[in-house]
Protein chains: 2
Amino acid sequence: MRQDGRLSRMLHVLIHMGRHEGAMTSEVIAQMLDANPVVIRRTMAGLRDEGYVSSVKGHGGGWTLARPLEELTLLDIYRAVGEPSIFAVGPAYDMPGCPIEQAVNGTLKEVFTEAEELLRKRFSGVTLADVARAFPRTGDQGGGQRCAP
Amino acid sequence: MRQDGRLSRMLHVLIHMGRHEGAMTSEVIAQMLDANPVVIRRTMAGLRDEGYVSSVKGHGGGWTLARPLEELTLLDIYRAVGEPSIFAVGPAYDMPGCPIEQAVNGTLKEVFTEAEELLRKRFSGVTLADVARAFPRTGDQGGGQRCAP
DNA sequence: CATCATGCTACTTATGATGTTGCGAAACTG
DNA sequence: CAGTTTCGCAACATCATAAGTAGCATGATG
């Protein structure tokens, strides 16, 4: 199944913003992610609604962090990008009548709920500043194809 | 994001087969699940390849369990239906060059790996017989819309 | 041989993330 | 004020995948 890349993208962007003076335009961000400016705006809109970033129109405008990376957790961002269902497998429909199906879905739900709670706990314990510190120790300043910090 | 219902469906079917005398045809199974016979065959083929069920062509043929429910775990079935990626979120692409992206993906991967290990452990500890015993205590024999056991 | 059922291939449909285009609104520049 | 920049938004197009559909071949039963 195809995966939702919005969480990963937004984390990436936000950390770049944390090390960036001034606003970043959707255009610049899109080039960094090899993505589309409109898609960036679309996703960033969710973060703005939650108060994590702010946007400014017009010349010199763009996106800026509304709070430091230390005060943003993975859980915050996960929720802001729409809190997509974490799991790619699950019941196809919701418990019509068959008791066997109810038992199956109940069992699956138990297991997935436990895993989701674990994920949320981990997500809530990691700030973007933590991630930013977790750089691989390659020494270089990020001279990759794109994305020069 | 749309979820993969194959695991849930197959668990449902297998437990029915465990309480059923003789073979079940794809047609009957499809009616039970309100699904399509061809889709059933498609998914059951994976289970057959793993030796969990067997199929017989022709008159009186159909699908039968190749081993008792006690010897089938959720993990077995999960793998047999193609072992789809459990998670609906994840990195959209694989670590091109930017160290920040690598840090993000590395962190996410850690968390997801831990959750996946938990899921696999739980899956491996539950047999289909366990699920079959977990019937809701409604007392009725399953007189739902479809799926009379 | 007729019927039933799986096996398989190719095609269509449905859904959701993503990409694209166009136009409007706001803010800065000269 | 005119022009440029940049977000905001809506209406599409694209793409991948699960699911549905149709047709024909194969094998088993009677």
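Letters A, B, ... mirror the listed sequences (proteins, then strands); counts begin at 1.
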For this session: Could you walk me through whether B:V126 and B:T73 pass the side-chain contact (heavy atoms from CB on, under 4.5 Å) test, one step at a time?
Result: CA-CA 5 Å; B:V126 180; B:T73 68; over 6 Å; no
For this session: Go through the steps for B:L119 and A:V111 under the test side-chain contact (heavy atoms from CB on, under 4.5 Å), then give the verdict.
Result: CA-CA 7 Å; B:L119 273 171; A:V111 179; 3.3 Å; yes
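If you measure from atom CZ of B:F87 to atom C1' of D:dT17, you get 20 Å, rounded to the nearest angstrom. Following rounding to the nearest Å, B:L33 (CG) and D:dG20 (C1') show an atom-to-atom distance of 14 Å. Counting to the nearest Å, the P atom of D:dG20 and the CD atom of B:Q31 are 14 Å from each other. Protein atom CH2 of B:W63 is 7 Å distant from nucleotide atom P of C:dT6, rounded to whole Å. Taking atom CE of residue B:M24 and atom P of nucleotide C:dT6, one finds them 11 Å apart after rounding to whole Å. In this entry the distance linking CZ of A:R48 with P of D:dT6 reads 17 Å, nearest Å. Rounded to whole angstrom, the span from the CD atom of A:E27 across to the C1' atom of C:dG19 amounts to 13 Å. Look at CG on B:L47: it is 15 Å from C1' on C:dT6, rounded to the nearest Å.
Of the side-chain N and O atoms in B:R9, none sit less than 4.0 angstrom from OP1 or OP2 of D:dA18. Note on B:T25: every side-chain N or O is 4.0 Å or more away from OP1 and OP2 of C:dA5. Remark: B:S55 is in phosphate contact with C:dG7, judged by side-chain N or O atoms under 4.0 Å from OP1 or OP2. Contact annotation: B:S26 side-chain N/O to C:dT6 OP1/OP2 distance is under 4.0 Å.
Under the 30°/60° scheme for interplanar angles, the aromatic rings of B:F123 and B:Y78 are found to be tilted.
The pair A:E50-A:R79 does not count as a salt bridge, with every side-chain nitrogen at least 4.0 angstrom from each carboxylate oxygen.
Considering only side-chain atoms of A:R6, the nucleotide from D:dG8, C:dA17, C:dA5 that sits closest is C:dA17.
A donor-acceptor contact under 3.5 angstrom links the side chains of A:S54 and A:T64, judged on distance only.
Side-chain contact check for B:L7 versus A:L108: some heavy-atom pair is nearer than 4.5 Å. Put simply, the side chain of A:L47 reaches to within 4.5 Å of the side chain of A:M10, judged on heavy atoms.
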Exercise. Base, backbone or nothing for each nucleotide of nucleotides 20-30 of chain C, written B, S, -, heavy atoms under 4.0 angstrom, 5' to 3'?
Worked result: BB----BBS--
